[in-house]
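Atoms considered below: every heavy atom in the structure, side chains included; atoms not considered: hydrogens, waters and symmetry mates. Atoms within each ligand, like the ligands themselves, are counted from 1 in listed order.
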Amino acid sequence: MPDPELPFDPSLALIGGAWRPAEGGATLALLDPSQGTELARIARGGAPDIDAAVSAARAARAGDWGRMPAAERGRILTRIGALVRERLDWLAELEARDVGKPLTQARNDAVALARYCEFYGGAADKVHGQTIPYLEGYTVYTLREAHGVTGHIIPWNYPMQIIGRSIGAALAMGNACVLKPAEEACLTALAFAWLAEQAGLPQGALNVVPGLGAEAGAALAGHPGIQHVSFTGSVATGSAVQVAAGRNVVPVTLELGGKSPQLVFEDADLDAALPFLINAGTQNAGQTCSASSRILVHHSRHAELRECMAERYSALRVGPAMEDLDVGPMISARQQGIVAGFLEKAADLTIAAQAKVPEGPGHYAPPTLLDAVPPDHPLAQQEIFGPVQVIIPFGTEEEAVRIANGTDYGLVAGIWTRDGARQMRLARALHSGQVYINNYGAGGGVELPFGGIGKSGHGREKGFEALYGFSTLKTVAAFHG
Ligand code: NAD
């Protein structure tokens, strides 16, 4: 059992307001990535549990929750946000132990969760339809309506932030949600559901069924009783989720990661850029969908940038989450193995710097900065999902754009230049869901619409835009003569 004590039993699922074991009582071990030891047992939900959760969600839609005025939904979300704020340290500690992320980073995620609840709480009654000029004798207007039951399949890297952005927006629009957290990390999903209960969220409006992807996840993605799926995770799984939902002709939002570049031009303010360059690659040990894993630099600043980054890399402190250093462990031995496999493929590359890692227990990967990496090298093309960044020099703006756009992904990009015209040109030229100019927000910004193009996915979450994704539009045409 994690410390501090939990007010709920983590081996249970929450379905229709009842905390109950998965059918058959099956459980899974949840591991502490910093220690490699068992943290808790969680429910191993399967298709029958997902069935029950979808039924409970439908009942909530047909009952109090579905009839509740938007302003009241907003008040409940705001109350959840207030309860999250009262327990930031508790949530941060749960997330740190469960995900292995340093305590300060986990606390930032808890603050972001509170902000999502506040933002979507305030927005719930501000989504309006339109009146549309039409033929003589008609009044035409549009209604924004909830999809109904929404499925949410989330990964282990930022549980609190992803719950905030997807469950927050879905509840604001009046959907009833079924959440399948990742089997590697799900304590804060359960804690959030418990807080939502305390805040007065009606039974069945949020159901949480932990379990394996191939069991609970697949059952949710393909369930005929849901009307929308929000998925964050790998390309392969996202594509399978889209196929499963497609059989029921259900819309899907996919957020699948990337190989996000930051472009450093000859006139860049390197002192300002450095913390962003490093943080965007090492935050959460690089296990961030919007991690900036490619640093493109103009030849004239290449040597200077390499030296400054290398100095900071060598000083990175890596260790257990609760020691609150710069970088924690990988989520699992599997993820550690994936990073090690990529580093083996880097044998032909120049290591500019590598931080030291503690000997076990815990699954650590050494933060590694690779220099002068050819743009078509696998380490410059594939998502590593570990603390590895590559430096790629370029000569001209056109070449920089070509390299930046030269992967299958398009999630986030950063531009470092003082030249205003170049900023505007590149903001348009870069294939990316978000572009940051003289800053870089790895996933940051509750208010900012977020999502990708290409293999980074489709659909937008976060900001006001998400409210449109979590609702559908009905056109009403009335003839009155
Ligand atoms: P994954 O995509 O397999 O898992 C994400 C979620 O999907 C989890 O809740 C999982 O249980 C569920 N899932 C798995 N198989 C499913 C299926 N068939 N149907 C429905 N749901 C299913 O990711 P992973 O295995 O945890 O990590 C593998 C790779 O994915 C990582 O190395 C990384 O590159 C990438 N990843 C990306 C993100 C991101 O934020 N974009 C997050 C986590 C992992």
Side-chain angles (χ1 to χ4, degrees), residues 28 30-31 33 42-47 50 98-101 109 151-163 165-166 178-186 189 208-223 226 229-247 250 252-260 283-291 293 330-342 363 365 381-388 407-412 433 442-443 450-452 454-459 461-462:
L28 297 164
L30 195 65
L31 298 181
I42 56 166
R44 180 175 176 170
I50 293 291
D98 201 359
V99 178
K101 67 174 66 183
D109 290 358
H152 304 255
I153 302 172
I154 67 165
W156 38 263
N157 55 345
Y158 286 85
M160 280 196 281
Q161 292 223 28
I162 297 170
I163 287 166
R165 78 183 190 210
S166 91
V178 179
L179 168 63
K180 207 300 279 176
E183 50 271 44
E184 294 88 349
C186 70
V208 184
V209 182
L212 297 173
E215 297 173 0
L220 181 56
H223 201 288
I226 53 169
V229 183
S230 163
F231 173 84
T232 303
S234 63
V235 176
T237 307
S239 158
V241 164
Q242 180 162 321
V243 168
R247 290 198 192 98
V250 164
V252 177
T253 300
L254 297 180
E255 203 274 89
L256 308 178
K259 195 71 186 170
S260 297
Q283 177 183 314
N284 201 28
Q287 302 168 117
T288 304
C289 47
S290 49
S293 46
M330 300 284 98
I331 184 74
S332 59
R334 173 173 168 254
Q335 197 64 29
Q336 182 190 35
I338 291 173
V339 177
F342 272 105
H363 319 295
Q381 286 289 322
Q382 295 169 19
E383 185 179 49
I384 298 173
F385 232 61
V388 181
T407 73
D408 292 338
Y409 295 101
L411 191 56
V412 177
F450 176 70
K455 293 232 167 83
S456 290
H458 52 74
E461 291 190 341
K462 303 172 63 163

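Heavy-atom proximity to atom 21 (N) of ligand 1, evaluated over G217, G233, P159, is greatest for G217.
The distance from ligand 1 to the heavy atoms of E255 drops below 4.0 Å at these ligand atoms: 41 (N). Contact atoms of ligand 1 toward F231: 2 (O), 6 (C), 7 (O) (distance under 4.0 Å to a heavy atom of the residue). Numbered from 1 in the order shown, with element, the atoms of ligand 1 that lie under 4.0 Å from a heavy atom of G257 read 41 (N). Applying the 4.0 Å criterion to heavy atoms of I154 picks out, from ligand 1, the atoms 6 (C), 8 (C), 9 (O). Taking every non-hydrogen atom of L256 and a distance limit under 4.0 Å, the qualifying atoms of ligand 1 come out as 41 (N). For ligand 1 and A182, the ligand atoms under 4.0 Å from any heavy atom of the residue are 9 (O). Residue-ligand proximity, E183 to ligand 1, at heavy-atom distances under 4.0 Å covers atoms 10 (C), 11 (O). Below 4.0 Å from some heavy atom of A218 lie the following atoms of ligand 1, by number and element: 19 (N), 20 (C).
Contact annotation: for L220 versus ligand 1, there are no heavy atoms closer than 4.0 Å. By the criterion of a heavy-atom distance under 4.0 Å, neither the backbone nor the side chain of Y158 is placed next to ligand 1. Looking at T288 against ligand 1, nothing comes within 4.0 Å, counting heavy atoms. Counting heavy atoms closer than 4.0 Å to ligand 1, residue R334 contributes side-chain atoms (C-beta onward) but none from N, CA, C or O.
Under the 4.0 Å distance rule, the nearest protein heavy atom to atom 4 (O) of ligand 1 falls outside the cut-off.
Any N or O atom pair closer than 3.5 Å counts here, and A240 shares no such pair with ligand 1. An N or O contact shorter than 3.5 Å is missing between T232 and ligand 1 by distance.
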Using a 3.5 Å cut-off and no angle test, enumerate the donor-acceptor pairs between side-chain atoms of residues 233-246 and protein atoms at least two apart in sequence or in another chain.
{"residue": "S234", "atom": "OG", "partner": "T237", "partner atom": "N", "Å": "3.3"}
{"residue": "S234", "atom": "OG", "partner": "T237", "partner atom": "OG1", "Å": "3.0"}
{"residue": "Q242", "atom": "OE1", "partner": "H458", "partner atom": "NE2", "Å": "2.8"}

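In terms of protein heavy atoms, atom 32 (O) of ligand 1 is closest to Q335 NE2, 3.2 Å.
Between R165 and E255 there is a salt bridge, with a side-chain nitrogen of the basic residue lying less than 4.0 Å from a carboxylate oxygen of the acidic one.
With rounding to the nearest 0.5 angstrom, the CD1 atom of I162 is 12.5 Å from the CD1 atom of I153.
Contact detail for Q283 and Y158: the closest heavy-atom pair is NE2-OH, 2.9 Å.
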